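Every number for a ligand or one of its atoms is a count from 1 in the order of the listing. Predicted model, so just to flag it, every value in this text is computed and none were measured.
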Amino acid sequence: MDCIFCKIIKKEIPAEVVFEDKAIIAFKDIKPIASVHIVIIPKKHINSVVNLKKEDEVLMGKLIMTAKKIADDLKVSEKGYKLLIRVGRGGGQEVDHIHLHLLAC
Ligand code: AMP
Ligand code: ZN
């Protein structure tokens with residue numbers, strides 16, 4: 001499958017990884033739109049929120065809990081930040097591997 005985020009997971013292309021465990025990896029966005037811009041993804045390839053199944057409920061919860069941990073680690077929790085998921089082309093999604101943006105000024 002020609003998925004750029006799956007290639008990052010498999011270390012076939014480089015990324016500045018800030019967090020990784022069995023289920024999730026997070027890395028710095030290559031074209032940041034804020035001073036802190038992290039992309040957090042499940043290692044399971046899921047195209048979009050549209051394709052989520054009931055079985056993905058726990059994984060998506062873990063994605064948000066990981067964002068919280070990274071925000072704490074990067075010390076942006078007190079000031080505040082945005083969590084963003086784009087859905088489909090109409091929602092501005094460009095990479096078809098579900099991901100959460102963590103954005104902080
Ligand atoms: P979206 O528009 O929500 O699909 O966001 C995709 C994001 O992935 C964009 O912010 C891109 O800058 C980012 N991106 C694409 N390729 C890479 C890459 N190789 N490494 C890091 N971030 C990337
Ligand atoms: Zn993928």
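- Remark: ligand 1 atoms within the under-4.0 Å shell around heavy atoms of E94 are 1 (P), 2 (O), 4 (O).
- Residues K28 and V39 fail the side-chain proximity criterion, which asks for heavy atoms closer than 4.5 Å.
- For atom 7 (C) of ligand 1, the closest non-hydrogen atom of the protein is D29 OD2, 3.5 Å.
- Within 6.0 Å of NZ in K44 there are more than 12 heavy atoms belonging to other residues, nucleotides or ligands.
- The F27 neighbourhood of ligand 1 comprises atoms 21 (C), 22 (N), with distances under 4.0 Å to a heavy atom of that residue.
- At the top of the distance list for atom 8 (O) of ligand 1, counting protein heavy atoms only, stands F5 CZ, 3.4 Å.
- Only protein N, O or S atoms were considered, and those under 2.8 Å from the Zn ion (ligand 2) are C3 SG, C6 SG, H45 ND1, H97 ND1.
- At least one donor-acceptor pair closer than 3.5 Å links the side chain of S77 to the backbone N or O of D72.
- In terms of modelled atom types and a separation under 3.5 Å, the side chain of E55 and the main chain of E57 share no donor-acceptor contact.
- At least one heavy atom of H101 lies less than 4.0 angstrom from ligand 1.
- Considering backbone and side-chain atoms alike, H37 places every N or O at 3.5 Å or more from each N or O of ligand 1.
- Residue H99 places a heavy atom under 4.0 Å from ligand 1.
- Short contacts between ligand 1 and K31, defined as distances under 4.0 Å to a heavy atom of the residue, involve ligand atoms 12 (O).
- In the hydrophobic clustering of ILVMFWY residues, with side-chain heavy atoms under 4.5 Å counting as a link, M60 and I24 come out together.
- Using a cut-off of 4.0 Å between Lys/Arg side-chain N and Asp/Glu carboxylate O, E12 and K7 are scored as not salt-bridged.
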Subject >> Step-by-step ring pair (Phe, Tyr, Trp, His ring centres under 6.0 Å) determination, H99 to H101 >> reply: CA-CA 7 Å; H99 53 281; H101 296 262; 5.0 Å; yes
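- Taking every heavy atom of K28 and a limit of under 4.0 angstrom, the matching atoms of ligand 1 come to 21 (C).
- The residues K43 and D21 are annotated as not salt-bridged, no charged nitrogen and carboxylate oxygen being separated by less than 4.0 angstrom.
- Taking 4.0 Å as the cut-off, A15 does not count as a neighbour of ligand 1 on heavy-atom distance.
- Nearest protein heavy-atom neighbour of atom 19 (N) of ligand 1: I8 CD1, 3.9 Å.
- Between I38 and F27, every side-chain heavy-atom pair lies at or beyond the 4.5 Å cut-off.
- Among all non-hydrogen protein atoms, the one lying nearest atom 21 (C) of ligand 1 is I30 N, 3.3 Å.
- Put simply, the side chain of D56 reaches to within 4.5 Å of the side chain of I46, judged on heavy atoms.
- A salt bridge is defined here as a Lys NZ or Arg NE, NH1 or NH2 lying under 4.0 Å from an Asp or Glu carboxylate O, and D96 with R89 meets this definition.
- The shortest side-chain heavy-atom distance between F5 and I98 does not fall under the 4.5 Å cut-off.
- The protein heavy atom nearest to atom 2 (O) of ligand 1 is G92 O, 3.0 Å.
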